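Since we're looking at a predicted model, the values are computed, not measured. Whatever order the structure lists them in is the order used to number ligands and atoms, beginning at 1. Side-chain atoms are counted along with the backbone in the values below, which use heavy atoms only and exclude waters and symmetry mates.
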Amino acid sequence: MIERTHCEQLDRDDPLAKVRSRFALPAGVIYLDGNSLGPMPATMPARLATVMDQWREDLITSWNRHGWHTAPQRIGAKIARLIGAAPHEVIVADSTSINLFKLLVAACRARPGRSVIVTEDGNFPTDRYIVDSVAELLGLTVRSAPRDALDASLDGDVAVVAVTQVDYRTGHLHDLGDVTAAAHNVGALMLWDLAHSAGVVPIDLRGVGADLAVGCGYKYLNGGPGAPAYVFVAEALQPDLRQPLTGWHGHAAPFALEDAYRPARGIDRLLCGTAPVLSLLALEEGMEIFHDIDMTDVRQKSQALTSLFIELVETRLADRGFELATPRDAARRGSQVSWGHEHAYAIMQALIAGGVIGDFREPNLLRFGFAPLYNQYVDVFDAVAAMIEVMDSDAWDRHEFRTRQEVT
Ligand SMILES: *Cc1c(COP(=O)(O)O)cnc(C)c1O
């Protein structure tokens, strides 16, 4: 039997314990949903106040004077460190959905004569929808394969393989190197979606020779609701990559105001229009938290937190209808644990009402994300205690908890 005092000891020994105070976490809440929306960095209000001052006092001169203009590259370089890219291989722009569109079209153009885009069954909806739309626009076909059997769908017709490193439902973690190598074996480009992995899983895009990647700013990077996303393009591909959204900020000389489009050299050509400066600089403040973080410490704690959670639920809530939907092998999962349950939605609503915030995902999953920078071992213990309370008291079985809200 694991006692709470054991978890307290683990927190005392935790090399990342000091990082928690960098977040403004509300009292009385155990937040296990940083994989959907990271919490607010403690310094965020002051940073945004500074940006407001710049806007009010220095107006348009702020683009040069306060480095607003170079923020997409500057913040991209900070994200590059987390994903194993060179600083000039990453830029912050648009949303993940839009970046997927840009990179998928560009990838298909870079592999003329190939007629297939490969993606995976159950990939995040936006990824699937954008893949379908790009295929329709370019007259290509989509091949969707089970996550564990991508190889069988690969042949010389494939232009690009577009999959998500950590599955948003189950938390299953792809091997970055194996999948990239399989795509390259058939001459296809490899496009990774890092939305659920960057910031919690050590990633080495350069090491595995990945071509393209996208990811979110508002999940584990803590950039705030709707924070801009990022794009990675391997250096060797940059000179020839032609993305379709040829806005003026991706031009070689935006302020020359030429009539014809000429793409910028390097990663800047992935830009489209004017950046959303307020959210962009909020993302920079989120990235500040990572400046001294060793991702191997993060991975080690992530695996420990998720293993502890699985063990506690399986021992203390055995025979209560919770089915593990996440790989049991810690090496095969990201930083979330999902449980299938017949009453998943209502149970999660009851937990949220009691201050334990995870989320529900169709069709029957309770999903709990563990963010090693602020989640503690005692949070895991207390979250399981709350689950026991909700099940023992039947607190979930109320009309208000069964009624679906618009955002789940
Ligand atoms: C969260 C998430 C997105 C989100 O895309 P947006 O354009 O920011 O809404 C895309 N893909 C995956 C895999 C995600 O987890």
Applying the side chain to side chain contact (heavy atoms under 4.5 Å, CB included) test to I75, which of T70, V92, L221 qualifies?
V92

Considering only residues two or more places apart or on different chains, which pairs with a residue in residues 266-303 satisfy ring pair (Phe, Tyr, Trp, His ring centres under 6.0 Å)?
none

Residue contacts for ligand 1, heavy atom to ligand atom, distance under 4.0 Å
S95, T96, S97, F124, T126, D127, T164, D193, A195, H196, C216, Y218, K219

Under a 4.5 Å cut-off applied to non-hydrogen side-chain atoms, are D382 and Q376 in contact?
no

Would S144 and R128 count as having a side-chain donor-acceptor pair, cut-off 3.5 Å?
yes

What residues form a side-chain hydrogen bond (donor to acceptor under 3.5 Å, both in side chains) with D151, not counting sequence neighbours?
none

Sequence-distant partners of T126, side-chain contact (heavy atoms from CB on, under 4.5 Å), two or more places apart
S97, L100, F124, I130

